[in-house]
Amino acid sequence: MLLKAVFWDLDGTLIDSEPLWHDGEIEIAHANGGEWTEELGWSVSGTPVPNVAKHMIERGCTLSVEEIDVQLKDYVFQAEVRRLPWIPGVLDVLRSLKEAGIPSMLVTTSPRRMAENIMKQSDGLFAGYVCGDDPYEHKPNPAPYLAAAAKLGITPEDMGECVVLEDSAVGLKAGAASGATLIAQTGWIRTDTSGLGQFASIDSYDGIDAAALDGFVRRRLEA
């Protein structure tokens with residue numbers, strides 16, 4: 001295979017966790033004098049929690065940015081420890097990659113404990129991870145993807161032979177800037193993410209395996 005590695009975003013790409021974040025936002029806002037809705041949650045989806053917190057404060061939440069950050073991450077972490085809401089079919093894709101000898105890396109802005117929970121519950125399907133607690137610029141900067149590649153011994157010049165799977169605008173911009181073959185997962189996000197540098201878009205993992213991802217790389221490099 002030409003494919004060297006696959007780099008996975010977490011929320012909306014591996015797990016359908018956005019509903020957990022929105023439930024937490026609503027619960028925290030309403031418990032502290034604010035107003036918040038699922039629609040407002042989607043409007044800031046994919047952005048860092050402190051940014052979400054600022055919008056919640058603008059809507060009347062009386063907590064500080066720091067307090068919202070801690071409480072919201074705690075809410076989602078506890079929910080994910082109880083059960084990871086894997087997107088249908090994604091574990092089969094990860095197993096196909098492992099069987100083909102292609103490493104998968106998790107690249108997320110989420111904190112380390114959330115990344116470690118993924119490692120714990122994925123039965124060795126990931127070679128490693130880069131998370132939001134690591135000392136790199138966050139997405140949309142490509143630094144997290146380039147750092148994950150470096151962990152595998154992959155140089156920036158070889159990123160075209162790697163796949164990045166992303167769903168959010170900031171993540172897609174990071175993936176595009178990394179030079180990887182960028183695939184947008186559109187099935188679990190409600191915002192328009194077209195025209196952000198993706199080579200292709202998919203709305204499920206039906207028909208996706210190591211060979212299919214290798215095919216995306218080959219078509220892109222041959223274009």
Trace of the side-chain contact (heavy atoms from CB on, under 4.5 Å) decision for Ser168 with Thr193:
CA-CA 7 Å; Ser168 69; Thr193 56; 5.9 Å; no
Would you call Arg190 and Glu38 a salt bridge, taking side-chain N to carboxylate O under 4.0 Å as the test?
yes
Check ion pair Glu35-Arg59 (N to O, under 4.0 angstrom):
no
Is the distance between the ring centroids of Trp36 and His30 less than 6.0 Å?
no
Closest non-hydrogen atom pair between Ala184 and Leu172, with its separation:
CB-CD2, 3.8 Å
Can you name the one residue among Leu152, Val130, Leu182, Leu165 that meets side chain to side chain contact (heavy atoms under 4.5 Å, CB included) with Phe7?
Leu152
Using side-chain heavy atoms (C-beta onward) and a distance below 4.5 Å, is Asp92 in contact with Asp209?
no
What pairs meet the side chain to side chain donor-acceptor pair (under 3.5 Å) rule with one or both residues in residues 68-77, with sequence neighbours excluded?
Asp69-Lys73, Asp74-Arg113
If you measure only the distance, is there a donor-acceptor pair under 3.5 Å linking the side chains of Ser104 and Trp8?
yes
Do Asp11 and Ser17 get their side chains close enough for a donor-acceptor pair, meaning under 3.5 Å?
yes
Can you tell which of Lys139, Gln185, Gln198, Lys173 makes a side-chain hydrogen bond (donor to acceptor under 3.5 Å, both in side chains) with Glu166?
Lys139
More than 12 heavy atoms of other residues, nucleotides or ligands under 6.0 Å from CD of Glu137: is that the case?
no
List the residues meeting side-chain contact (heavy atoms from CB on, under 4.5 Å) with Gln78, not counting sequence neighbours, and say none if there are none.
Arg82
Using the rule that two of Ile, Leu, Val, Met, Phe, Trp, Tyr join whenever any of their side-chain heavy atoms come within less than 4.5 Å, decide whether Phe199 and Val6 are in one cluster.
yes
Heavy-atom donor-acceptor pair, Asp214 side chain to Leu2 backbone, under 3.5 Å:
yes
